[in-house]
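First comes the structure, then the notes that go with it.
Convention: sequence-line order gives letters A, B, ...; per-chain numbering from 1. A quick note: this is a predicted structure, and the numbers were derived from the prediction, not measured.
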Amino acid sequence: MPEGHTLHRLAGSLNGAFAGTRPAVSSPQGRFVEGAAWLDGRTFLDAEAWGKHLFAEFSGERYLHVHLGLIGSFDVTAYAPDAAFDGSDDTAYPIPPAVGAVRLRLLTPRHLADLRGATLCRTATPEEVDAVVARLGPDPLRPDADPERAWRRISTSARPIADLLMDQAVLAGVGNVYRAEVLFRHRVDPFRPGRELRRRTFDAIWADLVLLLPIGVQLGQIVTMADQVEDVLAGDYDPALVPTSPTGVSAWRPNPHGALERRYYVYKRDGMPCLTCGSRVRTTVVAGRNLFWCGRCQRRR
DNA sequence: GCAGAATGACAAG
DNA sequence: TTGTCCTTCTGCG
């Protein structure tokens, strides 16, 4: 379920499975037949994420551009184990059939990746890729990201900070969960206009995203609660549940049950007591999505 | 079986 | 602000 961390994790998974190979590209569902043909049999060079956009470069300057939207998924699977390729195993590994509406499938003798439910799946030229990237704000997951660009937009805007954080042209990669959780972590009133935000508050939020998003990439799961963040940073959790090996099969699949218990400060906790002050967590729609916040902890100061 | 929801983003009015 | 699209899964009858 896609905020920026999902796409960056996915880029890593795709690279681990396909970089340097020439996957067969198809559209079992039939809605991406032409695009698939345009990419089929070319060398998969490199996948990269910018915010919630994924770009996979194939030889000949041909790109696959994917946006998962709200409900899309792109599952990378190793259907034949390594043993099948070092001569120690002569078992035939049948190609798993496409289940459901698979818009796009990448296939090698070893791996496959199935794309479903994406809001955007198209082919693109380098110029088209550049144009998309140019529209995006800085992505905290990219080392070259310039937070100053986000601050310029935020500090001059009358729009609520909860609205600005969801605007991918302001800051790329944050979605509805990180928005609610980060605002809570910094006790920021979601309705405070961007231009009334203190610089040091913005800096703290940015730094927090730089801390939290990579954890999301590593675990394939959004983690925001202080105790869990601490555990992850300390490496104090069951590593068996947290696949990190770039060659491990499970590394390319969603965590089976989540490495950590799925819990948040305010996200989806409307009506329940705030974990800090006991006040009822509230919800309302901002920027087209349900915002969750604590009216007491996140009161305007 | 079927409504409703889901970590998103658009266009139309 | 509302409607629309993308698909799967859950919960309720």
Side-chain angles (χ1 to χ4, degrees), chain A residues 1-11 27-33 35 49-54 64-75 77 97-105 113-122 131-133 135-137 139-141 159-160 162-185 190 208-209 212-225 228 253-271 283-293:
Chain A
M1 294 26 46
E3 296 192 27
H5 69 296
T6 303
L7 281 296
H8 283 262
R9 180 178 168 90
L10 176 57
S27 179
Q29 175 206 47
R31 292 186 53 179
F32 188 60
V33 172
W50 285 84
K52 299 171 188 171
H53 293 259
L54 177 83
L64 169 69
H65 176 199
V66 168
H67 192 298
L68 294 178
L70 185 59
I71 59 177
S73 65
F74 205 165
D75 300 318
T77 310
V99 175
V102 177
R103 179 108 36 101
L104 164 74
R105 167 171 275 199
D114 283 344
L115 175 71
R116 296 181 183 82
T119 204
L120 176 71
C121 172
R122 64 159 189 165
V132 173
V133 170
R135 295 199 316 260
L136 296 173
D139 175 351
L141 277 168
R159 290 158 59 198
D163 184 359
L164 290 161
L165 283 182
M166 290 285 275
D167 185 340
Q168 302 299 299
V170 172
L171 204 149
V174 171
N176 203 27
V177 180
Y178 280 117
R179 155 175 89 166
E181 295 290 291
V182 164
L183 288 175
F184 179 87
R185 278 169 64 91
D208 214 21
L209 292 171
L212 295 177
L213 285 166
I215 292 176
V217 175
Q218 188 195 347
L219 272 71
Q221 182 185 352
I222 295 176
V223 177
T224 61
M225 300 199 60
Q228 294 187 324
R253 317 192 71 157
N255 280 322
H257 307 292
L260 295 169
E261 184 193 352
R262 187 189 141 139
R263 52 185 163 91
Y264 305 108
Y265 288 113
V266 288
Y267 176 70
K268 260 192 167 171
R269 295 196 64 248
D270 52 307
T283 185
T284 190
V285 173
V286 175
R289 313 302 312 280
N290 292 321
L291 168 72
F292 304 89
W293 83 106

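- Using a 4.5 Å cut-off on side-chain heavy atoms (C-beta onward), A:Asp163 and A:Pro190 make no contact.
- Across A:His8, A:Gln168, A:His53, a single residue satisfies side-chain contact (heavy atoms from CB on, under 4.5 Å) together with A:Asp139, and that is A:His8.
- Side-chain nitrogen and oxygen atoms of A:Lys268 include at least one within less than 4.0 Å of the OP1 or OP2 phosphate oxygen of B:dA6.
- Taking only side-chain nitrogens and oxygens, A:His67 comes nearer than 4.0 Å to OP1 or OP2 of B:dA9.
- Proximity of A:Gln221 to the phosphate of B:dT7: no side-chain N or O atom is located under 4.0 Å from OP1 or OP2.
- Spacing between atom CZ of A:Arg262 and atom C1' of B:dT7 amounts to 8 Å, rounded to whole angstrom units.
- Here the separation of C:dT8 from B:dC10, taken at their P atoms, is 23 Å to the nearest Å.
- Separating the CG atom of A:Leu68 from the P atom of B:dA6 is a distance of 18 Å, rounded to the nearest angstrom.
- Spacing between atom CE of A:Met166 and atom C1' of B:dA6 amounts to 12 Å, rounded to whole angstrom units.
- To the nearest 0.5 Å, atoms CD (A:Glu181) and CG (A:Asn176) are separated by 10.0 Å.
- Of the inter-residue distances, the one linking A:Leu104 atom CG with A:Arg31 atom CZ reads 13.0 Å to the nearest 0.5 angstrom.
- Applying the 3.5 Å distance criterion, the base of C:dT7 shares no donor-acceptor pair with the side chain of A:Arg103.
- The shortest distance between the side-chain N/O atoms of A:Lys52 and the OP1/OP2 oxygens of B:dA9 is below 4.0 Å.
- Contact annotation: A:Arg289 side-chain N/O to B:dT7 OP1/OP2 distance is under 4.0 Å.
- Atom CG in A:Asp75 sits about 14 Å away from atom P in C:dT7, given to the nearest Å.
- B:dG13 and C:dC5 have their P atoms separated by 14 Å, with the value rounded to a whole Å.
- Comparing the P positions of C:dC6 and B:dG1 gives an interatomic distance of 24 Å, to the nearest angstrom.
- Rounded to an integer number of Å, the gap from CG of A:Leu136 to C1' of B:dG8 is 13 Å.
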Please produce a list of atom pairs where a protein N or O lies less than 3.5 Å from an N or O of nucleotides 10-13 of chain B.
none

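- Interatomic distance, CZ of A:Arg263 versus CE of A:Met225, reported as 5.0 Å (0.5 Å rounding).
- C:dT1 sits 23 Å from B:dT7 when the C1' atoms are compared, rounded to a whole Å.
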Run the side chain to side chain contact (heavy atoms under 4.5 Å, CB included) check on A:Leu54 and A:Leu10 step by step: do they pass?
CA-CA 8 Å; A:Leu54 177 83; A:Leu10 176 57; 4.0 Å; yes
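- Contact between the side-chain N/O atoms of A:Arg116 and the OP1/OP2 oxygens of C:dC6 is not found at any separation under 4.0 Å.
- Atom CG of A:Leu70 and atom C1' of C:dC6 are 9 Å apart (whole Å).
- As judged by a 4.0 angstrom heavy-atom cut-off over every strand, A:Gly100 is placed among residues touching the sugar-phosphate backbone only.
- Rounded to an integer number of Å, the gap from CG of A:Leu291 to P of B:dG8 is 13 Å.
- With sequence neighbours excluded, no residue forms a side-chain hydrogen bond (donor to acceptor under 3.5 Å, both in side chains) with A:Gln228.
- For A:Ile71, the listed nucleotide lying nearest its side chain is C:dC6; candidates were B:dG8, B:dT7, C:dC6.
- Interatomic distance, A:His67 NE2 to A:Leu7 CG, rounded to the nearest 0.5 Å: 7.0 Å.
- Note on A:Glu181: nothing from the nucleic acid sits closer than 4.0 angstrom, heavy atoms only.
- Residue A:Arg31 is classed as a sugar-phosphate contact, given heavy-atom separations below 4.0 Å to backbone atoms only.
- Applying the ring-ring contact (aromatic ring centres under 6.0 Å, His included) test between A:Phe184 and each of A:Tyr264, A:Tyr178, A:Tyr265 identifies A:Tyr265 as the sole match.
- If you check every strand for non-hydrogen atoms under 4.0 Å, A:Gly175 touches sugar and phosphate atoms only.
- Look at NE2 on A:His65: it is 17 Å from P on C:dC6, rounded to the nearest Å.
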